[in-house]
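Comments concern the structure below.
Computed over heavy atoms, backbone and side chain alike; hydrogens, waters and symmetry mates excluded. Letters go in sequence order (proteins before strands), and every chain restarts at 1.
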Protein chains: 4
Amino acid sequence: MLLSLDLDSETPLYEQLRNRIIIGIATGELAEQEKLPTVRQLADDLGINAMTVNKAYALLKQEGYIAIDRRHGAKVSARQQGKVDAVPEPELERKLELLIAEAAIRGVDPSRFHQLCARIFSKMSYQP
Amino acid sequence: MLLSLDLDSETPLYEQLRNRIIIGIATGELAEQEKLPTVRQLADDLGINAMTVNKAYALLKQEGYIAIDRRHGAKVSARQQGKVDAVPEPELERKLELLIAEAAIRGVDPSRFHQLCARIFSKMSYQP
Amino acid sequence: MLLSLDLDSETPLYEQLRNRIIIGIATGELAEQEKLPTVRQLADDLGINAMTVNKAYALLKQEGYIAIDRRHGAKVSARQQGKVDAVPEPELERKLELLIAEAAIRGVDPSRFHQLCARIFSKMSYQP
Amino acid sequence: MLLSLDLDSETPLYEQLRNRIIIGIATGELAEQEKLPTVRQLADDLGINAMTVNKAYALLKQEGYIAIDRRHGAKVSARQQGKVDAVPEPELERKLELLIAEAAIRGVDPSRFHQLCARIFSKMSYQP
DNA sequence: GTGGTCTAGACCACG
DNA sequence: GTGGTCTAGACCACG
């Protein structure tokens, strides 16, 4: 997986990194149980501070996306089939509401929005 | 429209305010041309500094959501019917991709996600 | 001459008014010695405060563009042929420098800029 | 680059600062990718508040003239060679129209105006 | 150490 | 009375 960061972005580097890894997991670019680069390795590759990568990994671990094993480093968590959310999280709903509000004001109608979602979903390998 | 801010949130106060107003416009709680409270009034009501409200208003103005008329203060912009985006903005797509990735990993399937979108869209008054 | 103001503009109303009248004089829409509407008349026509029109007229008078005669109201000043600036004012130069800097950064080259100036000048009737 | 502000000017300090930096970029006094002083440093040098400098930087960033990199502070944006405007912006045209009207009334003829533009352009390093 | 956010308080331009 | 500008001073996120 190729990672590229935008140094001039509003989004903090550690968050960009987190986001890219989550998308990588969802699309299958990063397989379940796949080993991630070490903190130092990734920091060197991206030319950023190791602390920044560490922060991204810690966040991903806390959110359950990856597991950090002292012996084997970080790897993508196994998908917890049983733990599937019955109801989408309020957080997701809150973010989606804002996105849809912005889109609606700009004249994006529900069917066009739905098409866009479908297109993005089709790139995800995590569909049951 | 009832506005409430979360002082403990990561999201800056001015951004929370901006987000709430955008949702208010999209849902129709705030009608086109409706007058917003004055900067000082809203700051008093929310118990925050006037400059924080000022920053939210300035951002909304810059993004075209509201107009600031020196005679009557801030009001919701008229919807530019002609200016509807032919294609959703790349920014929207980028944010939506991350949201869908997070949802997909949590086991939300396309049809459930679609239902959620439809439900949110139904609250918006901005459908053509 | 048709005057229209943008109530949502950054530019104060009295300044918009002043600018439009100056352009009107330069293009010849307003002839030398032509009588301007009374303050009250213009304020009513534009739906703005009489004080705002008054401020625009006072500014134009101070700058020498119009003369205000208590008996006959405001009229466009006669062009003072003798008083032609030998050297463009530093104020003009300062404003033009900023405009050209912005244009240059955006990739507008001197010849394109010159064409634009020529096109605008051709609309002015005040060429000797 | 030497920056000086006019405390008695009508033009807000943050806007004077923005204007000077834009001219600095256009003339090449500030090179592409050159690092700008930190907000606090510049505020101290100019004897003004850091928030005022902050506002100028935020504006320049929003307009694309500078980029703010969390690691190294603010720096002049790379010129987007591909993104050159095919047609000068209406904003530029509007401002130029007023400037030319004022000049024409004062008796500045097209050729003199053209000379002035040429002289200013010759100080800009941004010519292709 | 950097910019980002926020506050309290002040004065001014505009209308 | 409204928003715009500015100050002094503080704390925090990011790296």
Side-chain angles (χ1 to χ4, degrees), chain A residues 5 7-17 43 46-56, chain B residues 5 7 9-17 35-44 46-59 61 66-75, chain C residues 5 7-17 43 46-56, chain D residues 5 7 9-17 35-44 46-59 61 66-75:
Chain A
L5 301 177
L7 297 174
D8 299 332
S9 165
E10 298 280 67
T11 311
L13 295 177
Y14 80 90
E15 202 173 322
Q16 291 184 46
L17 197 49
L46 296 170
I48 62 177
N49 198 305
M51 217 179 53
T52 306
V53 177
N54 196 37
K55 191 163 182 175
Chain B
L5 300 178
L7 296 172
S9 165
E10 300 277 77
T11 311
L13 296 176
Y14 79 89
E15 204 174 322
Q16 292 183 43
L17 197 47
K35 200 177 164 310
L36 294 174
T38 67
V39 168
R40 280 166 178 75
Q41 180 66 52
L42 190 49
D44 280 355
L46 295 171
I48 62 176
N49 191 282
M51 286 244 335
T52 306
V53 177
N54 195 333
K55 187 161 184 179
Y57 277 19
L59 189 56
K61 175 185 164 192
I66 67 173
I68 294 172
D69 176 336
R70 278 210 183 74
R71 298 177 308 169
H72 307 112
K75 63 175 176 25
Chain C
L5 302 177
L7 297 173
D8 298 332
S9 165
E10 298 279 70
T11 311
L13 295 178
Y14 80 91
E15 203 174 322
Q16 291 183 46
L17 198 48
L46 296 170
I48 62 177
N49 198 305
M51 216 179 55
T52 307
V53 178
N54 196 37
K55 191 162 181 176
Chain D
L5 301 177
L7 296 173
S9 165
E10 300 277 77
T11 311
L13 295 176
Y14 78 90
E15 204 174 322
Q16 292 184 44
L17 197 48
K35 202 177 163 309
L36 295 173
T38 68
V39 168
R40 280 166 178 76
Q41 181 66 52
L42 190 48
D44 281 355
L46 296 170
I48 63 176
N49 192 282
M51 285 244 335
T52 305
V53 178
N54 194 333
K55 188 162 183 177
Y57 276 19
L59 189 55
K61 175 185 161 190
I66 67 172
I68 294 171
D69 176 334
R70 278 211 183 74
R71 298 176 307 168
H72 308 110
K75 63 174 174 27

With sequence neighbours left out, write down each residue that passes side chain to side chain contact (heavy atoms under 4.5 Å, CB included) with [X], or none if nothing qualifies.
X	answer
A:Leu7	A:Leu13, D:Asp69, D:Arg71
D:Thr38	D:Lys35, D:Arg40, D:Gln41
A:Met51	A:Asn49
B:Lys75	B:Gln33, B:Ala67, C:Asp8

Original post:
Residues two or more places apart in sequence or in another chain: which of them pass side chain to side chain donor-acceptor pair (under 3.5 Å) with A:Glu10?
Top reply: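 In terms of side chain to side chain donor-acceptor pair (under 3.5 Å), with neighbours along the sequence ignored, A:Glu10 is linked to D:Lys61.
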Original post:
In dot-bracket, 5' to 3', how would DNA chain F read with Watson-Crick or G-U wobble pairs under 3.5 Å, [ ] for crossing ones and | for pairs to another strand?
Top reply: ||||||||||||||.
Subject >> Heavy-atom protein contacts under 4.0 Å, nucleotides 2-8 of chain E, coded B base, S sugar-phosphate only, - none >> reply: SBBBBBB
Original post:
Does any N or O in the side chain of C:Gln16 come within less than 3.5 Å of the main-chain N or O of C:Thr11, such that one atom is a donor and the other an acceptor?
Top reply: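 Looks like yes, one N/O pair under 3.5 Å.
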Original post:
Could you give the distance from OH (B:Tyr14) to CG (B:Leu59), rounded to the nearest 0.5 Å?
Top reply: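 With rounding to 0.5 Å, OH (B:Tyr14) is 6.5 Å from CG (B:Leu59).
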Subject >> Distance in Å, C:Thr52 OG1 paired with C:Leu17 CG, rounded so as to fall on 0.5 Å steps >> reply: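 Reported value, rounded in 0.5 Å steps: 8.5 Å.
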Original post:
Between A:Gln16 (CD) and F:dG15 (P), how many Å, whole number?
Top reply: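 Interatomic distance, CD of A:Gln16 to P of F:dG15: 8 Å.
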